[in-house]
Amino acid sequence: MITAKSLTLEEKLKLLTGKNLWQTEDLDGKVNSIFFADGPHGLRKMKKNAHGYYENIPSIAYPNLVNIANTWNTSCAYETGKLIAEDCVENGVDVLLAPGVNIKRTPLCGRNFEYFSEDPYLSGILAKNFTDGVQKYGVGACLKHFCVNNREIGRYFQSSEIDDRTMHEIYMTAFEIALTSNPVAVMCSYNPVNGVYASENKKLLTDILRKEFSYQGLIISDWASVKNGGKSLGAGLDLRMPYSETAYDELKDAYDKNLITDKEINNAVNKILETANKLQTMRGKSKITKDVMGRRKAALAVAEESIVLLKNDGVLPLGGSSVCVIGELNRRPYIGGGGAAAVTTEFVQIPLNSLIGEILSESVICTDKVKLDCLDPSHNDREGILLASKNDVSIVLVGNSPATEIEGHDRETIRLSNKEERLIKDVAATGSKTVVVIEAGSAIDMTPWINDVQAVVFAGYLGDNANEAIADILTGKVTPSGKLSETFPLSVENTYCKTDTGKGGVEVYRDGLLVGYRYYDTENVPVLFPFGYGLSYASFDYSALEIEKNGDTDFTVSYTVTNTSAVDGKEISQIYVKDVVSSVFKPNKELKAFSKDFIKAGESKRITVNLDKNAFAHYNVISGGKYVENGEFLIMVGASCTDIKLKQKVSISLPAETQYSVI
Ligand code: BGC
């Protein structure tokens, strides 16, 4: 195998920066090159067109990461990773630039749709499974964006000013968990953290990523995030992407001035060479299990599991009434957010009204009850309102286009447009039972209209299967089983960050640990829908909590969930932990485990989850590591973060020599 030793200085410096927009150097065929492409909502591979400009090749569009998170299902994350890996293999892509595990600190962040959650544990577990799916099928994954990049405004220059404990417990935990799947690469973020650009931040790249988290893979820049090649290399960055005219000279200059050493150059070069070889071996083992249509079809189950039923006064599932669909999204649903993760799909959607009509007329249960009148959608509001007045049920389709939720921009409001809010209210005023379906990538303020409507469905961004998945849920062909991976606040003013954008080059993370539900729950701030919330057509009871201690900080938590309805369904149960008395500040409760289980109508399931040290530890800034303080902890099993069904205390008593003295 070629190593840095057998390369000239010129070759090595060339290798440390890209060959072009998407590939690393191959030094005229002497070494393997790496081909990168964006994801994760489909393969966004770019190719030069006849005029020499890069354009996306067509691809399957998958449910966005917001949706994967709303499934709370590790198999859905794995399956999506696997499907997109097959797209990569088929198109000669070595590394998928995904998943993104940045925390949703504010619902305004324009890239929330490409991240998992406001909770680091949920984000980390799902990212790990997604990464496993990608890598087991022969393609490298790249975790991004390391670190503390939580809004788009000012992302190129605004410094995130943050304390060590918050950085570890909230913003790094997702990376730490996902790193257990050994992603081939980690991409640093654009922004400075505590005044130093992530791309040249030695504390982040070397002290934490390499040493504390023992990460062995490749550390790469975000595209054009490097300001000074020498400083980045010195801080621990291996590869600067993409190619730039000045990158080579910058490194040569730093070398000539003794600002970077041969050792640093050789280490980074060897990482790139090792990674390229590893990827070639992985590619040799890759497999394609499905053709394009097969993959698209397989993603339908994930899409269905990701839809969250937020309100239902009994109008859903549809049946026994005349139904109309209102809104242009009937034919052209919003399938994903915008920016680097946007996919160019050639798939033509079947209109939602046709799909609903087909399912209802086929339904054995409903045929004698349904007076089906699935009419064409309206193209203007007056037509829509007229349609609504003639139908028992109106499905109103609204949401955020990929121009609203997009990389590089933050939303200015979390409300729907005035036009959409007006339409919802006018339709509801006709007396037709109103079902609002929202296609968006982050929280929506529904307070102006939610009391006027009978049902609300949060579809997220579902990809190519959007209309099919929505139709299956609305008709009851599939029982909804998604839950929110992000709190829906009453309004943006009710969020910790409000509309503050940290203008002025520095954004102070004053909220500390109080991100998402940790804030609302600890400070008793009312919300529209809490973290972990979602309805079903089934109903579930929780009972018989038992907790067994297996070691100093290891516990097995068991409980029974019973499906008390006549409908089969899946329930997501969530385990939260509260430190009863602590010598440091802690949020009121924190998610530490979860389980999603299929339970047949009328049946029960005994569920078992394990808690380890991570469920009880906090980051101790004095020792610079995880610390479990002896005492009592309350274990809570809930259907959401505010709907706790069962609870029991456990006690931890580690040897005295492991403990700091307490007051
Ligand atoms: C984005 C990355 C993306 C890269 C390459 C950057 O602007 O922040 O997420 O992978 O571009 O397209």
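As the structure lists them, so they are numbered: ligands from 1, and atoms in each ligand from 1. These figures come from a predicted structure and were not determined experimentally.
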Quiz item: Quick check: does any side chain N or O of Glu161 sit under 3.5 Å from a backbone N or O of Val506, one acting as donor and the other as acceptor?
Solution: no
Practice problem: Would you confirm whether Asn191, through its side chain, and Val148, through its main-chain N or O, come within 3.5 Å as a donor-acceptor pair? | Solution: yes
Does NZ or CZ of [X] fall inside the cone over [Y]'s six-membered ring, less than 6.0 Å from its centre and within 45° of the axis?
X      : Y      : result
Lys14  : Tyr248 : no
Lys144 : Tyr115 : no
Arg105 : Tyr509 : yes

Self-check item: Proximal protein residues to ligand 1, non-hydrogen atoms under 4.0 angstrom
Solution: Trp22, Asp38, Arg44, Leu97, Arg111, Lys144, His145, Arg155, Met187, Tyr190, Asp222, Trp223, Ala340, Glu407
Practice problem: Count the heavy atoms belonging to other residues, nucleotides or ligands that lie under 6.0 Å from NZ of Lys297, then report whether that count exceeds 12. | Solution: no
